Amino acid sequence: MAEIVVQGGSLEASGPFDRARALSAFKLSDNLFYWTTRIAALSVLGILGGIILSLIVGAWPAMKTFGFEFLWTQRWAPSAQPEPVLGALGPIYGTLVTSFIAMLIAVPVGLGIAIFLTELCPQWLRRPIGIAIELLAGIPSIIYGMWGFFVLGPFLANTFQPLMIGLFEGVPVLGDIFAGPPSYLSLFNASLILAIMVLPFITAVSRDVFDTVPPVLKEAAYGVGCTTWEVVRSVVIPYTRVGVIGGVMLALGRALGETMAVTFIIGNSFRISSSIFAPGTTISAAIASEFAESDGLHQSSLILLGLLLFILTFFVLAAARLMLMRLDRKAGK
Amino acid sequence: MTTLAVDMPAVNPIYARRRRLDIVIRVLCLGAALFGVSWLALILFTLFWNGLAGLSLQVFTEMTPPPGSNSGGLLNAIVGSLLMTIIGVGIGAPLGMFAGTYMAEYGRYDRLTSVVRFINDILLSAPSIIIGLFVYGAVVVPMGGFSALAGSLALAVIVIPVVVRTTEDMLLLVPNPLREAASALGLPRSLVIRRVAYRAARAGIVTGMLLATARVAGETAPLLFTALSNQFWSLDLTSTMANLPVTINNFVQSPYDYWKQLAWAGALIITLAVLALNIGARILGAERTSK
């Protein structure tokens, strides 16, 4: 640390050294720096306040016109006469369903990969796979969207969906969920893309927290004859539950608000269908595809949708934090 | 007697069941790893296959083509993206760094710090489209139109939480005796921070900024209705400006094959840039830990 040397000669006054002046110059720059950083910290709060305020102001006309009915109206007709009819049920449904299916796929697979990486994988393979996963978490979401649009959508529509539709035809509930016709643009395709997208997040976070388990604990469990799975289930997972839940919540937050990966492939249809192979929309996809060409009440309704999405993600993230805090306290006892 | 002892576990039904379950789980984990890695490999393969096919010198030297045209490149979009990213990081990074400095240095045990940290964590994972809506309401409407400046500000809002987080984390890692030694020499607080703490944490802070740059380089959603896009060469910050992500977004959904080809080329350029930034950040980070 020898290179850390104070080089500032700037404060030395020419002529006889004036101690009082130097000190007051120090004091001034000290105060200036303190307030600069403090204001910057406060501006983070200001950004949140600004987001909430601008969303509420923008959404106000729609709130006044539609009231709470906005939440459970399914019809989305911005150019209906005499008055546009706009309801958020379709996008809300789509957002929740796609995120749910995505998490259903991504959480077990992500945890599986993390277990593989920390417990089963040969040592020389760990670093390359780990680095690959971290880099993949950084790929922009529009790339996933393009791939879904050009590659995954056609593949699912031509092979996977007909298979599932044939398989479950006539089965009471599943028959409705997997009803045809096959489509390039569907809730299921969007869910799958979302799952692939959040997979690296879940894997990276769980691997990091799995690595924090003290080897002694695992060795003790292996020593009394536990199998790998028993070590994972009874030692690794309980020890790291906090971090794993945090990672999953983070991924859920991403999935709820993800825009570009979904917009290309979900079909932008506001009608709710019982089949997950039917086109749908999410809040973010609706905003992305309609906002630039909207005005008046239509635009205000889209901003109101944005406000709903913000509240939703806010609560998911806040809940994650509170849960983590509670688990932390329990672990501390 | 010995053979019996060796055979015992295999005979014992409980042990056999445990071992079977273990093998099943191991196979499932291996399957999950193959499943995950193969999807991701497939995406990269498609991206490189189509992107390299679309990549040529033309992409870097010509403007985005009008509808139906079979020549043209992405020059204006690349320059626009670069410009907006630089301005966005230029605004967001210092602000985030100062905020992180306050949290780690001045207000380490403040109430304000814990509130800011909580809010910052939420902003960190807030959907980027919401930030687009915010900037639309706060900048685009008052200014009377879409502009590159609004796009840059939207990117800055995304940069801030990332930089705040890494700056705070990195400054917290700086050992206190360094600060105490500097204070003991009579350095005022601000100089202790600027001359000692910043230097000790420099690599980490720069890593955070690189990661933030990588994060915004491919952002599309907040630009859709702030910077919009346009077809022409423009460096005017107060009007719409072409940029790679929105151009890709528009070209993907177009009916023209050449546009789709350009979209793939653009996607490859963005991905390579993001990967380069991420790898750069990793190398810097590794240097810091090995020191």
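Residue numbers begin at 1 in each chain, while the letters A, B, ... track the order of the sequences. In this text, all values refer to a predicted model and were calculated from it rather than measured experimentally. The figures here come from the full heavy-atom set of this structure, side chains too, leaving out hydrogens, waters and symmetry mates.
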Practice task
Could you tell me which portion of A:E293 (side chain, backbone, both or neither) has an atom closer than 4.5 angstrom to a non-hydrogen atom of chain B?
Solution key: neither

Exercise for the section: State whether a side-chain donor-acceptor pair under 3.5 Å links B:E219 with B:S128. Expected result: yes

Problem - Region of A:L256 in contact with chain B, defined by heavy-atom distances below 4.5 Å - result: neither

Practice task
Would you please name every residue forming a salt bridge (Lys or Arg N to Asp or Glu O under 4.0 Å) with B:R282, sequence neighbours left out?
Solution key: A:E134

Practice task
Examine whether an atom of B:I122 lies under 4.5 Å from a heavy atom of chain A, and if so say whether it belongs to the side chain, the backbone or both; otherwise answer neither.
Solution key: both

Practice task
Pick out which of B:T113, B:T167, B:D110 makes a side chain to side chain donor-acceptor pair (under 3.5 Å) with B:Y102.
Solution key: B:D110

Exercise for the section: Could you look at A:I143 and say if it's the side chain, the backbone, both or neither that has a heavy atom under 4.5 Å from chain B? Expected result: side chain

Exercise for the section: Side chain from CB out, backbone as N, CA, C, O: work out which of these in A:F149 comes under 4.5 Å of a heavy atom of chain B, or both, or neither. Expected result: side chain

Handout entry: Structural part of A:V151 lying under 4.5 Å from a heavy atom of chain B
Key = side chain

Exercise for the section: Would you kindly say whether B:T101 and B:Y106 are connected by a side-chain donor-acceptor distance under 3.5 Å? Expected result: no

Practice task
Please flag which part of A:R254 lies under 4.5 Å from any non-hydrogen atom of chain B: side chain, backbone, both or neither.
Solution key: side chain

Problem - Partner set under salt bridge (Lys or Arg N to Asp or Glu O under 4.0 Å) for A:E290, not counting sequence neighbours - result: none

Handout entry: Contact class of A:T227 relative to chain B, heavy atoms under 4.5 angstrom
Key = both

Completion exercise
Contacts of B:D22 meeting salt bridge (Lys or Arg N to Asp or Glu O under 4.0 Å) (sequence neighbours excluded), chain-then-number -> B:R26

Practice task
Answer with yes or no whether the side chains of B:E105 and A:Y34 bring together a donor and an acceptor at under 3.5 Å.
Solution key: no

Practice task
Using non-hydrogen atoms and a 4.5 Å limit, figure out which bit of B:L30 sits close to chain A: side chain, backbone, both or neither.
Solution key: both

Practice task
Go through the atoms of A:L55 and report whether side chain, backbone, both or neither lie under 4.5 Å from a heavy atom of chain B.
Solution key: side chain

Fill in the blank from the handout: Okay, A:L199 and chain B: the region with an atom under 4.5 Å from a heavy atom over there is side chain

Handout entry: Toward chain B, the part of A:T259 with a non-hydrogen atom under 4.5 Å
Key = side chain

Completion exercise
Turns out that what part of B:L185 lies under 4.5 Å from chain A's heavy atoms comes down to neither

Exercise for the section: Under 4.5 Å heavy-atom distance to chain B, tell me which part of A:T313 shows up: side chain, backbone, both or neither. Expected result: side chain

Practice task
Examine distances only and state if a side-chain atom of A:T282 and a backbone atom of A:A285 form a donor-acceptor pair shorter than 3.5 Å.
Solution key: yes

Completion exercise
One option among B:N278, B:L224, B:V37 has the most heavy-atom pairs under 4.5 Å with chain A, and it is B:L224

Practice task
Determine whether the side chains of A:N268 and A:S289 contain a donor N or O and an acceptor N or O closer than 3.5 Å.
Solution key: yes

Handout entry: Sub-4.5 Å side-chain heavy-atom contact between A:F210 and A:I237
Key = yes

Practice task
Can you tell which part of A:L135 gets under 4.5 Å to a heavy atom of chain B, answering side chain, backbone, both or neither?
Solution key: both

Problem - Heavy-atom contact with chain B under 4.5 Å, split by part of A:L42 - result: side chain

Exercise for the section: Compute whether any side-chain donor of one residue and acceptor of the other, for A:S284 and A:E258, lie under 3.5 angstrom apart. Expected result: no

Practice task
Determine which residues belonging to residues 211-218 of chain B lie within contact range of chain A, meaning some heavy atom pair is under 4.5 Å apart, and list them by number or answer 'none'.
Solution key: B:R215, B:G218

Exercise for the section: Among the options B:V252, B:L47, B:L44, pick out the one with the most heavy-atom pairs lying under 4.5 Å from chain A. Expected result: B:V252

